[in-house]
Protein chains: 2
Amino acid sequence: MQKSLKVNKNSPQVGLIDGNGMQSEAEAAASAETQLERATENLRGLVLRGAFPVDVKLPETRVAELLGVSRTPARLAMAALEQDGLLVRLPRRGFRVRSFSLDEVVEAIEVRGELEAVAARIAAERGLAGEHRARMEACIGRAEVLLRHAEFDAARRGEWCRMNVDFHDALVGACGIRPLRAAYAKVNLVPLASPRDIMFNVAQPALTRRQLEATHEDHTHILEAILARTSTRAAALVREHAYRSGANKRRNFPDIELRRMVIETPGVALIRTGEADAADVA
Amino acid sequence: MQKSLKVNKNSPQVGLIDGNGMQSEAEAAASAETQLERATENLRGLVLRGAFPVDVKLPETRVAELLGVSRTPARLAMAALEQDGLLVRLPRRGFRVRSFSLDEVVEAIEVRGELEAVAARIAAERGLAGEHRARMEACIGRAEVLLRHAEFDAARRGEWCRMNVDFHDALVGACGIRPLRAAYAKVNLVPLASPRDIMFNVAQPALTRRQLEATHEDHTHILEAILARTSTRAAALVREHAYRSGANKRRNFPDIELRRMVIETPGVALIRTGEADAADVA
DNA sequence: TAAGGGATTTTTGCATGCAAATTCTCAAGC
DNA sequence: GCTTGAGAATTTGCATGCAAAAATCCCTTA
């Protein structure tokens with residue numbers, strides 16, 4: 001029996017798209033050059049979606065099997081997700097899925113806000129360059145188009161998330177500080193902390209719309225402040241914007257009805273509900 | 001010929017200690033549970049020390065050979081250093097060592113300063129808890145002891161670096177914001193950007209002493225401001241402290257004499273000198 | 001019946017073999 | 001002389017086998 005049996009068919013095991021239609025990992029996995037990248041993004045999707053119980057050991061054979069690859073890329077993918085903070089390595093016992101407290105999510109959003117505030121200040125001081133300015137202005141326009149519609153179906157939710165990611169990425173990119181981008185990317189790895197992770201409270205559409213409109217106004221004022229070169233105001237607005245995002249998450253999360261509706265929002269499954277910050281090893 | 005030949009003897013290939021006597025990777029590699037951790041830390045040391053030419057492909061066979069392990073852990077170690085930003089992955093062509101501009105180092109230090117400033121503000125607002133306060137006060141004491149000596153030999157330089165790392169880590173740890181710690185750790189991965197990476201300008205001992213005394217005074221005032229619960233002042237002092245650190249690096253780096261003397265300071269070898277930000281792919 | 005200890009089974013960690021991709025070599029053609 | 005392309009030689013990426021560690025199970029004993 002030769003090894004050329006090629007058990008792995010690159011089978012499309014995990015083609016799910018998330019509840020907001022973002023298709024994030026799916027996209028990344030599709031455009032992946034190597035099998036490892038596919039495996040990593042597929043595994044990330046599985047983990048964020050709660051395919052594995054939290055705080056429980058994750059056997060690499062099962063991962064390999066689920067991903068349709070051998071143990072080598074599966075192990076590499078697990079190592080990558082460990083670096084992202086989603087998995088914890090138990091010295092000689094493999095990996096387990098890490099859980100996050102809601103507090104940590106909110107903290108991550110606030111740290112993100114601080115980083116974005118620095119970016120906004122620098123962008124305002126240096127002046128906003130063409131490409132980044134265009135991207136941010138385009139986001140304002142996209143938001144206006146979306147807000148004209150009364151209903152937000154999955155496609156519009158996805159488009160809103162993409163718009164939001166674009167706006168924030170353009171802001172952080174605009175300052176041109178590479179280490180700032182790296183730190184920003186790092187805090188965005190905390191589940192639900194990234195601008196992509198918007199919880200649409202389908203149980204309370206009126207509340208959701210108010211939140212989206214507030215977001216849009218924030219964006220408008222932030223861009224305006226940057227263009228006016230009022231760096232302190234821009235930074236303050238960005239901080240407040242992040243604060244609101246964290247507050248929204250805190251308000252929306254406990255709504256059990258909501259959680260049932262947006263359970264596909266990647267990362268929700270990893271947030272501990274209720275009790276204390278139990279086994280929370282680094 | 002069975003595979004149990006065990007070519008790898010866990011041979012102590014890279015037991016060098018750096019110019020400041022920090023023995024950082026050496027320590028980590030020694031206390032490592034698994035061979036992969038040893039390989040990773042040894043490889044990190046080699047890369048930071050400039051054992052491989054910058055911006056040039058790094059064949060995994062050579063890495064495996066140098067580390068005395070097989071290709072599997074070598075590859076895993078390279079993947080880990082990629083996550084740390086020290087190596088860049090070329091899709092189907094392995095890895096290469098990344099170079100950094102001096103500008104990026106200074107930027108990383110400034111971002112670090114912003115994060116530490118947030119930590120200081122929060123610590124001041126919440127009050128400094130026992131353990132962290134004790135660690136920071138101990139650092140003040142250690143610095144005073146060291147400054148009583150006129151000469152800074154390698155051992156004292158190492159102790160100074162450890163003291164500095166301790167102070168900054170305690171500050172960031174004091175606020176209790178885990179995502180802040182993660183972001184802080186991320187920017188510290190940029191070579192020369194961490195509080196550990198102090199360049200002792202042996203060519204100008206008087207200048208060096210002034211810089212160390214200034215550092216000590218900064219630390220004293222920062223701790224004082226936090227204890228006095230003056231959060232804004234604490235944050236401002238921390239920002240200024242980081243600014244000075246970046247300015248010192250900028251001032252010290254071009255000194256070619258110095259660079260020859262402190263070439264063992266990990267990371268110096270990765271900084272591009274002179275010309276433009278050449279091939280700087282993300 | 002519960003606890004302790006040892007043997008079996010599972011799982012991790014690492015080395016290695018193979019196929020595909022890339023890079024290198026070198027000569028032929030413009 | 002310089003470019004170009006076909007074949008050779010590396011090198012990467014992945015699957016798999018083996019040994020050691022961990023987890024589990026089962027039996028003995030109090």
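Each chain gets a letter, A, B and so on, in the order its sequence line appears, and its residues count up from 1.
- Checked against D/dA15, D/dT11, C/dT12, the side chain of A/Ser70 finds its nearest nucleotide in D/dA15.
- Looking at which nucleotide of DNA chain C each of B/Lys57 and A/Pro59 is closest to, the 5′-most match is held by A/Pro59.
- A/Asp103 and A/Arg250 are joined by a salt bridge, as a carboxylate oxygen and a charged side-chain nitrogen come within less than 4.0 angstrom of each other.
- In this structure, B/Thr72 does not reach the C/dC14 phosphate: none of its side-chain N or O atoms is under 4.0 Å from OP1 or OP2.
- Separating the CD atom of A/Glu60 from the C1' atom of D/dG17 is a distance of 14 Å, rounded to the nearest angstrom.
- Contact between B/Ser99 and B/Val54 at its shortest, heavy atoms only, is CB-CG1, 3.2 Å.
- Nucleic acid contact class of B/Leu90 (heavy atoms, under 4.0 Å, all strands): none.
- We find that CZ of A/Arg62 is positioned 14 Å from C1' of C/dT12, with the value rounded to whole Å.
- The CG atom of B/Leu76 sits 14 Å away from the P atom of C/dT12 (whole-angstrom rounding).
- Rounded to whole Å, the distance from CZ on A/Arg89 to P on C/dT12 is 11 Å.
- At whole-Å resolution of the value, CZ in A/Arg96 and C1' in C/dT11 are 18 Å apart.
- Distances shown here put every side-chain N or O of B/Arg71 at or beyond 4.0 Å from the OP1 or OP2 atom of D/dT12.
- Phosphate contact (OP1/OP2 of C/dA20, side-chain N/O of B/Arg92, threshold under 4.0 Å): absent.
- Along DNA chain D, the nucleotide nearest A/Arg93 and the nucleotide nearest A/Pro73 are compared for position; the residue whose nucleotide lies closer to the 5' end is A/Pro73.
- The distance between atom CG of B/Leu58 and atom C1' of C/dT22, rounded to the nearest whole Å, is 16 Å.
- Side-chain nitrogen and oxygen atoms of B/Arg75 include at least one within less than 4.0 Å of the OP1 or OP2 phosphate oxygen of D/dG13.
- Between the CZ atom of A/Phe95 and the P atom of C/dG13 there is a distance of 7 Å, given to the nearest Å.
- A salt bridge does not link B/Glu82 with B/Arg96: none of the charged nitrogens is closer than 4.0 Å to a carboxylate oxygen.
- Of all non-hydrogen atoms in B/Asp197 and B/Leu192, the two that sit nearest each other are OD2-N, 3.1 Å.
- Of the charged side-chain nitrogens involved, none lies within less than 4.0 Å of a carboxylate oxygen, so that A/Arg62 and A/Glu65 do not count as a salt-bridged pair.
- The side chain of A/Gln35 contributes an N or O atom lying less than 4.0 Å from OP1 or OP2 of D/dC14.
- Atom CD in A/Glu82 sits roughly 14 Å away from atom C1' in C/dG13 (whole-Å rounding).
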